Structure formats: C-alpha cells, structure tokens
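Side chains are part of it too, since the values below use all heavy atoms of this structure and drop only hydrogens, waters and symmetry mates. Sequence lines set the chain letters: A, B, ... in the order given, protein chains first and strands last, and positions in each chain run from 1. No experiment lies behind these values; they were computed from the predicted model shown.
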Amino acid sequence: GQQVMQIPQYQHVQEGEDFTTYCNSSTTLSNIQWYKQRPGGHPVFLIQLVKSGEVKKQKRLTFQFGEAKKNSSLHITATQTTDVGTYFCAGTSNSGYALNFGKGTSLLVTP
Amino acid sequence: DSGVTQTPKHLITATGQRVTLRCSPRSGDLSVYWYQQSLDQGLQFLIQYYNGEERAKGNILERFSAQQFPDLHSELNLSSLELGDSALYFCASSVGGQAIYGYTFGSGTRLTVV
C-alpha cells in the first residue's frame, strides 16, 4: 500500500535558523496536505497542494509539491519558538478516501 | 475549540475490557475519520464514515469497530483491550467524503490500558 515517509524524524535548531522537512511517497499522490501538532495538542491543518510543482507560502512557511507528485517539502525561514511542534505531511492516491500520514518531524527551537 | 468534540479526554481501563470513544464532527461535516497515534507508529488511519456509511478501512483490528449515527456523531468501540492498545485516539471530520478536504481534528482521547 501507499506509504508516506518523512525525514528527519527530529530537528533541533536555534531560534532564527531555517528548518526543512521532507516528505516522500512510494506512489504518485493526488494531493498532499501538511499539518502541525503542538506538544500535547492535536494536528491542525496548514495547507493543501494539488498541482505538480506547486509552491505556496504562508508568512515564513514555504510548501512545495514535487514535479512527479511523489515528494513535498516544508521550509520555515528564521524559526521562532512558536514553531515548536511536529509537522506531518499526509497524502492520498487517486483512489484514496482517507489520508495516509507520515510519522512527522518534531521541531525543537531553542531561544 | 476546533469544533470536533471527543469524549472522554482520558480513559484508564484494564486489559480485556471494552470501551467506547465518542466523536461529534464539526457542524456541516459529513465525514468522520478515526486515527490512532502512538509514539512509534505516528498517526495510523483506522476507519472512515461518510454520511452514515463506512467509506474506507485502514489498519483497524478486528477487536475494534465503529459506526456513525444519523446525527453524524461516531463511536469507536475497542474490545478485549491489550496493553498495546494504549494510545491517543483522534477523530477528525471533513465536509466531503474524499481526502481532498482538510481535516479538522478533535482534541483526542488518551487511552491507557493497565
């Protein structure tokens, strides 16, 4: 079945440094979504990418969807302590009804 | 408040017991999804209901079952509980039946089996 892999598993940065997490799928995805889960919280929807090569920005966050629609990335510029949490990518194949989540990248930002 | 309500927030029970987790989706959402989150397995999809009908099944054990009622709330039943079933169980909802809509998650039920 479809698997979504994320790297790295953990990332520890100093405040102000950049951060990137990568997501790879074993199959072509119809779309990819990104979620953020704060410690002790629940996943919160950030964004969805649908088109091949699509790039979307939300303030300091940049999301990309690969040309082959099998990989994606989330880049945070100049991290802040409020960025702490686990970032999940999730995708589905064309016939899928439910999202398959990666295991997430846990980001720790120290001031 | 995300609009998705899960009860109870915490549950402690013994091995071999049965529990029921409840989820009320966000107003207007027809789909309910159940996910299990554990430290080593991440978010595992269990089952999806759309407007009262089962739509998709994931890695749901035979000891687990779910249903969605006419008022769209859903219940996840876990029986013959084992220590390994200890996890955070999330319910999520979306307006449509396919995974092209962002999910709204509830705050989860933390299940501890002792």
Side-chain angles (χ1 to χ4, degrees), chain A residues 1-10 21 23-25 27-51 54 56 58 61 63 65 69 72 74 85-106, chain B residues 1-7 9-10 23 25-26 29-51 53-60 66 68 74 87-110:
Chain A
Q2 175 200 326
Q3 290 193 9
V4 178
M5 311 297 288
Q6 261 187 276
I7 55 170
Q9 190 175 358
Y10 302 99
T21 174
C23 181
N24 291 286
S25 170
T27 60
T28 302
L29 300 170
S30 60
N31 66 342
I32 194 151
Q33 299 180 14
W34 286 90
Y35 291 77
K36 176 183 179 182
Q37 184 176 19
R38 293 181 187 275
H42 57 271
V44 174
F45 175 73
L46 294 177
I47 208 161
Q48 174 173 263
L49 304 170
V50 178
K51 299 176 184 175
E54 189 170 13
K56 286 188 176 181
Q58 288 181 350
L61 278 60
F63 303 85
F65 201 7
K69 300 183 75 172
S72 180
L74 158 59
T86 300
Y87 292 85
F88 292 96
C89 63
T92 186
S93 62
N94 289 332
S95 60
Y97 287 111
L99 290 171
N100 287 308
F101 281 77
K103 290 191 176 183
T105 296
S106 293
Chain B
D1 182 9
S2 67
V4 177
T5 303
Q6 284 190 252
T7 56
K9 291 196 183 306
H10 302 277
C23 169
R26 194 179 57 163
D29 286 355
L30 298 178
S31 270
V32 169
Y33 309 82
W34 286 97
Y35 282 83
Q36 180 192 58
Q37 185 174 42
S38 56
L39 282 174
D40 57 341
Q41 292 297 321
L43 278 161
Q44 293 286 308
F45 169 63
L46 297 178
I47 197 163
Q48 176 202 0
Y49 281 84
Y50 175 73
N51 205 19
E53 300 288 328
E54 181 183 304
R55 177 62 70 96
K57 254 184 175 178
N59 300 321
I60 188 165
Q68 187 178 30
S74 177
L88 197 49
Y89 290 84
F90 283 110
C91 164
S93 70
S94 69
V95 62
Q98 290 186 294
I100 58 173
Y101 306 97
Y103 291 0
T104 302
F105 280 82
S107 57
T109 293
R110 181 168 295 283

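- Comparing A/Gly102, A/Pro43, A/Gly104, A/Gly41 by heavy-atom pairs within less than 4.5 Å of chain B, the highest count is held by A/Pro43.
- Applying the 6.0 Å contact sphere to CZ of A/Phe45 captures more than 12 heavy atoms from other residues, nucleotides or ligands.
- Ring planes of A/Phe101 and B/Tyr103: tilted class, angle from 30 to 60°.
- Rounded to the nearest 0.5 Å, atoms SG (B/Cys91) and NE2 (A/His42) are 11.5 Å apart.
- For A/Gln6, no part lies near chain B; criterion is any non-hydrogen pair under 4.5 Å.
- The choice from B/Ser2, B/Gly42, B/Gly106, B/Ala56 that makes the most heavy-atom pairs within less than 4.5 Å of chain A is B/Gly106.
- At a 4.5 Å heavy-atom cutoff, the contact between B/Tyr35 and chain A is made by side-chain atoms alone.
- Per-residue heavy-atom pair counts under 4.5 Å with chain A were compared for B/Arg110, B/Gln44, B/Arg55, B/Gln48, and the maximum is reached by B/Arg55.
- Scanning both residues, B/Gln37 and A/Phe88, for their nearest heavy atoms gives NE2-CZ, 3.5 Å.
- Contacts of B/Ser94 with chain A are absent, with no heavy-atom separation under 4.5 Å from either backbone or side chain.
- Highest contact tally toward chain A, considering only B/Phe45, B/Tyr33, B/Phe90, is held by B/Phe90 [criterion: heavy-atom pairs under 4.5 Å].
- Screening A/Asn31, A/Leu99, A/Val50 against B/Ile100 for a side-chain contact (heavy atoms from CB on, under 4.5 Å) leaves a single residue, A/Asn31.
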